[in-house]
Amino acid sequence: MSNLETERLSLRKPTMTEQYDLWNILRQEKVWQYYMSIPDRFNNDRKAFQESLDDWSKQEKFFKRKIDNAEEDSDKYTWSIFLKNGKVIGQMTVQPNDNYPDNPRIRTVGWFIDPKLQRQGYAYEAARAVLDYMFSQTNLEEIRTEANVVNPGSWGLMEKLGFVRIGESISSHYDIDGNPLKQYNYMINRDMYLTKNKCKIK
Ligand SMILES: CC(C)(COP(=O)(O)OP(=O)(O)OC[C@H]1O[C@@H](n2cnc3c(N)ncnc32)[C@H](O)[C@@H]1OP(=O)(O)O)[C@@H](O)C(=O)NCCC(=O)NCCS
């Protein structure tokens with residue numbers, strides 16, 4: 001996995017140094033509610049989950065485990081996203097798609113950006129670098145992923161990147177009343193990506 005540079009951003013392999021700042025972004029409800037599924041043990045109790053998320057001493061161990069396991073977990077590509085001044089503003093991942101366990105060339109994506117810095121094109125800029133890299137430097141053939149209907153930030157980003165909506169399904173995320181959300185299903189493959197975007201790397 002390579003570090004990636006764009007005009008305004010540096011995308012780097014995660015280290016423990018920036019995890020505290022990332023945690024402060026992730027634990028905001030407007031970020032985690034779509035980025036994370038509430039683990040079953042919380043019985044869909046958002047308040048209890050939020051309390052657990054807010055406890056850095058617990059979360060630090062979880063972040064550390066993820067960093068320590070990154071080498072073994074080499075199938076999961078994760079970049080921390082930094083402004084050029086060194087401030088971390090989010091993360092982007094390309095990882096195995098559980099719906100296609102037998103086909104590692106079909107993957108899924110995940111992304112979040114600090115709410116204070118959203119709508120400034122940072123996710124798009126980072127995603128272009130990540131997808132240029134993934135479609136040219138790895139054997140990735142296709143991305144299949146979902147976004148909650150009520151989360152136009154995520155599916156709008158996908159559409160701007162050239163993903164195509166292929167259906168609807170039920171999300172693993174819930175609204176504040178505990179009802180499961182609907183989600184759109186999207187896909188893009190290598191040819192579609194390269195046709196839509198002028199990929200710098202061949
Ligand atoms: C999804 C997310 C990463 C987008 O980050 P961002 O930096 O704000 O996105 P960008 O500024 O690069 O926007 C790219 C495109 O996405 C769409 N978009 C982004 N935010 C949007 C919003 N709030 N409403 C509608 N469309 C939106 C637009 O089409 C935009 O292009 P445009 O500015 O030319 O219109 C950010 O909203 C986020 O972190 N959300 C919380 C976490 C999350 O939902 N993750 C996805 C689940 S895995």
Side-chain angles (χ1 to χ4, degrees), residues 4-11 14 18-19 21-39 46 49-50 53 59 63 66 76-85 87-100 106-134 140 142-176 180-188 192-193 196-198:
L4 305 170
E5 294 293 326
T6 69
E7 198 185 328
R8 297 179 296 171
L9 304 170
S10 299
L11 280 69
E18 74 274 13
Q19 298 306 313
D21 290 340
L22 283 174
W23 165 72
N24 267 317
I25 298 172
L26 255 181
R27 71 193 177 103
Q28 297 176 49
E29 190 172 17
K30 56 185 126 175
V31 178
W32 71 252
Q33 69 177 339
Y34 302 129
Y35 188 74
M36 301 164 90
S37 299
I38 300 178
R46 290 169 86 93
F49 182 58
Q50 182 72 64
L53 268 187
Q59 295 298 318
F63 282 105
K66 274 213 308 201
K76 181 172 178 182
Y77 293 78
T78 305
W79 285 269
S80 292
I81 305 169
F82 298 85
L83 297 178
K84 296 288 184 189
N85 66 10
K87 181 182 163 56
V88 70
I89 64 163
Q91 250 182 3
M92 205 158 273
T93 61
V94 182
Q95 61 201 69
N97 187 321
D98 294 342
N99 296 326
Y100 302 92
I106 301 180
R107 291 168 170 269
T108 186
V109 285
W111 37 47
F112 67 88
I113 293 286
D114 186 343
K116 290 198 292 293
L117 295 166
Q118 288 176 6
R119 294 308 313 250
Q120 296 181 41
Y122 287 129
Y124 178 72
E125 189 169 324
R128 284 295 316 272
V130 164
L131 297 186
D132 276 11
Y133 173 80
M134 291 299 302
L140 175 70
E142 188 170 313
I143 294 172
R144 285 188 179 240
T145 192
E146 300 83 29
N148 292 312
V149 172
V150 292
N151 188 14
S154 194
W155 55 260
L157 172 60
M158 288 179 206
E159 290 187 355
K160 191 167 176 179
L161 289 161
F163 285 66
V164 171
R165 192 185 294 173
I166 52 170
E168 261 185 45
S169 49
I170 299 298
S171 169
S172 60
H173 300 117
Y174 294 82
D175 67 16
I176 45 168
L181 292 169
K182 270 198 194 150
Q183 63 188 4
Y184 294 135
N185 307 334
Y186 279 87
M187 64 80 64
I188 192 167
M192 290 160 68
Y193 181 76
K196 159 98 183 168
N197 302 286
K198 286 194 185 68

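One-based numbering, in listed order, for ligands and for the atoms of each. Quick note: numbers below take in every heavy atom, side chains included, and nothing from hydrogens, waters or symmetry partners. Bear in mind the structure is a predicted one, so any value in this text is a computation, not a measurement.
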I'd like to know whether Asp114 forms a side-chain hydrogen bond (donor to acceptor under 3.5 Å, both in side chains) with Tyr122, so could you lay out the CA-CA distance, the side-chain angles of the two residues, the decisive distance to 0.1 Å, and finally the verdict. CA-CA 10 Å; Asp114 186 343; Tyr122 287 129; over 6 Å; no
Stepwise side chain to side chain contact (heavy atoms under 4.5 Å, CB included) test for Thr108 and Arg144: CA-CA 5 Å; Thr108 186; Arg144 285 188 179 240; over 6 Å; no
Take Arg128 and Tyr193 through the test side-chain hydrogen bond (donor to acceptor under 3.5 Å, both in side chains) and record every step on the way to the result. CA-CA 10 Å; Arg128 284 295 316 272; Tyr193 181 76; 3.0 Å; yes
For a side chain to side chain contact (heavy atoms under 4.5 Å, CB included) check, start with the C-alpha distance between Met187 and Glu142, then their side-chain angles and the critical distance, and finish with the verdict. CA-CA 7 Å; Met187 64 80 64; Glu142 188 170 313; 3.6 Å; yes
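Atom 40 (N) of ligand 1 has Gln118 NE2, 3.7 Å as its closest protein atom, hydrogens excluded (heavy atom only). Counting only heavy atoms of the protein, atom 41 (C) of ligand 1 lies nearest to Lys30 O, 3.8 Å. With respect to atom 33 (O) of ligand 1, the closest heavy atom belonging to the protein is Arg119 NH2, 3.6 Å. The protein atom (non-hydrogen) at minimum distance from atom 43 (C) of ligand 1 is Trp111 O, 3.7 Å. In terms of protein heavy-atom proximity, atom 11 (O) of ligand 1 is closest to Gly121 N, 2.8 Å. Distance from atom 31 (O) of ligand 1 to its nearest protein heavy atom, with residue and atom name: Lys160 CD, 3.3 Å. Closest to atom 26 (N) of ligand 1, if we only count protein heavy atoms, is Pro152 O, 3.6 Å.
A donor and an acceptor atom, one from each side chain of Trp111 and Ser154, are located under 3.5 Å apart. With 3.5 Å as the limit, one finds a donor-acceptor pair spanning the side chains of Glu159 and Tyr186.
Between Leu157 and ligand 1, a contact under 3.5 Å exists for at least one N or O pair. For ligand 1, the polar-atom distance check finds an N/O of Ala123 within less than 3.5 Å of one of the ligand's N/O atoms. Residue-to-ligand polar distances place Asn151 within reach of ligand 1: an N/O pair is separated by less than 3.5 Å. By the 3.5 Å distance cut-off applied to N or O atoms, Ile113 is counted among the residues near ligand 1. Where the criterion is an N or O separation shorter than 3.5 Å, residue side chain and backbone included, Tyr34 fails it with respect to ligand 1. For a threshold of 3.5 Å applied to N or O pairs, the pair formed by Gly110 and ligand 1 contains no separation below that value.
Close approach of ligand 1 to Gly156 is summarised as follows: ligand atoms under 4.0 Å from at least one heavy atom of the residue are 16 (O), 17 (C), 29 (O). Below 4.0 Å from some heavy atom of Tyr124 lie the following atoms of ligand 1, by number and element: 12 (O). Less than 4.0 angstrom separates some heavy atom of Gly153 from each of these atoms of ligand 1: 1 (C), 16 (O), 18 (N), 19 (C), 20 (N), 21 (C), 22 (C), 27 (C). Interface of Gln120 with ligand 1, defined as ligand atoms under 4.0 Å from a residue heavy atom, comprises 11 (O). Each of the atoms 7 (O), 12 (O) of ligand 1 lies under 4.0 Å from some heavy atom of Tyr122.
Using a cutoff of 4.0 Å between basic side-chain nitrogens and carboxylate oxygens, Lys84 and Glu7 are not scored as salt-bridged.
Checked options Ile106, Leu131, Leu161; the residue passing with Ile143 is Leu131 (criterion: side chain to side chain contact (heavy atoms under 4.5 Å, CB included)).
Legend: residues meeting side chain to side chain donor-acceptor pair (under 3.5 Å) with Asn24, ordered by chain and number and at least two apart, are Arg27. Residues passing the side-chain contact (heavy atoms from CB on, under 4.5 Å) test with Asn185, sequence neighbours excluded: Glu146, Ile166, Ser169, Gln183.
Taking each heavy atom of His173 and Ser37 in turn, the nearest pair found is NE2-OG, 3.7 Å.
Taking the six-membered ring wherever Trp is involved, the centroid distance between the rings of Trp32 and Phe112 does not fall below 6.0 Å.
Under the 4.0 Å distance rule, the nearest protein heavy atom to atom 29 (O) of ligand 1 falls inside the cut-off.
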